[in-house]
Amino acid sequence: QVQLVESGGGLVQSGGSLRLSCAASGFTFSAYAMRWYRQAPGKERELVALISVGGSTNYADPVKGRFTISRDNAKNTSYLQMNSLKPEDTAVYYCNAAILSKTYWGQGTQVTVAS
């Protein structure tokens, strides 16, 4: 079955960096776009970044120039490199894949940015 497992979250000071990983299994990873979402307390889940099958990327305006999404098809893993972190980046970050009309989510990883 499809599984998405995030890792790499934690507590970091404002201005710091973290790299999140999403290990995927149960499907042909290289054939699907991958997305990262986040959900802050009391707010709706929002799309942060996506990477297409061909490697094209798109970012939400608040993270442009600071976050970088990538993928390693040999390792079935997507990454989210987050630099210049701000307190408003504090959220649970989720990996997402849409496969054959179904949407799959990981369990999420907490990112907390202290001011």
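Every heavy atom of this structure was used, including side-chain atoms; hydrogens, water molecules and symmetry mates were not. One-based numbering along the sequence shown.
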* Approximate separation, where rounding is to 0.5 Å, of Trp36 CH2 and Ile51 CD1 -> 12.0 Å
* Would you find a donor on one side and an acceptor on the other, under 3.5 Å apart, between the side chain of Ser78 and the backbone of Ser70? -> yes
* Structure fact -> In terms of heavy-atom contacts, Thr90 and Val113 come closest through OG1-N, 2.9 Å
* Mark yes or no for whether Arg35, through its side chain, and Asn96, through its backbone, hold a donor-acceptor pair below 3.5 Å. => no
* **Residue pair Val53 / Ala33: nearest heavy atoms and the distance that separates them** => CG2-N, 3.9 Å
* Asked: Considering all heavy atoms of both residues, which atom of Arg38 and which atom of Val48 are nearest to each other, and what is their separation?
  -> CG-CG2, 3.5 Å
* CZ on Arg19 to CE on Met82, rounded to 0.5 Å -> 11.5 Å
* Structure fact -> The reported gap from CG in Asn83 to OG1 in Thr68 (rounded to nearest 0.5 angstrom) is 6.5 Å
* Asked: Would you say Tyr59 and Met34 are hydrophobically clustered, going by side-chain heavy atoms of ILVMFWY under 4.5 Å?
  -> yes
* Asked: Quick one: are Glu6 and Tyr93 in side-chain contact, heavy atoms under 4.5 Å?
  -> no
* Asked: Rounded to the nearest 0.5 Å, what separation is found between the OG atom of Ser14 and the CD atom of Glu88?
  -> 7.5 Å
* Quick one: does Thr103's side chain have a donor or acceptor within less than 3.5 Å of a partner on Ala98's backbone? -> no
* Asked: With side chains defined as the heavy atoms from C-beta onward, is the minimum distance between Gln110 and Leu11 less than 4.5 Å?
  -> no
* Asked: With hydrophobic residues grouped by side-chain heavy-atom distances under 4.5 Å, do Leu50 and Trp105 end up in a single group?
  -> yes
* ILVMFWY cluster, Leu100 and Phe29 together (side-chain gap under 4.5 Å) -> yes
* Should Tyr94 and Tyr79 be counted in the same cluster of Ile, Leu, Val, Met, Phe, Trp and Tyr side chains packed under 4.5 Å apart? -> no
* Report the C-alpha separation of Asp89 and Phe67 in whole Å, then their side-chain angles, then the decisive distance to 0.1 Å, and conclude whether the side-chain contact (heavy atoms from CB on, under 4.5 Å) test is met. => CA-CA 11 Å; Asp89 294 319; Phe67 289 13; 3.9 Å; yes
* Structure fact -> Between Gly9 and Thr109, the two heavy atoms sitting closest are N-OG1, 3.1 Å
* To do: Would you give the length of the straight line joining atom CG of Leu20 to atom CD of Gln81, rounded to the nearest 0.5 angstrom?
  => 8.5 Å
* So if you build clusters from Ile, Leu, Val, Met, Phe, Trp, Tyr with side-chain heavy-atom gaps below 4.5 Å, do Tyr104 and Phe27 land together? -> yes
* **Inter-residue atom distance Ser21.OG - Leu80.CG, 0.5 Å rounding** => 9.5 Å
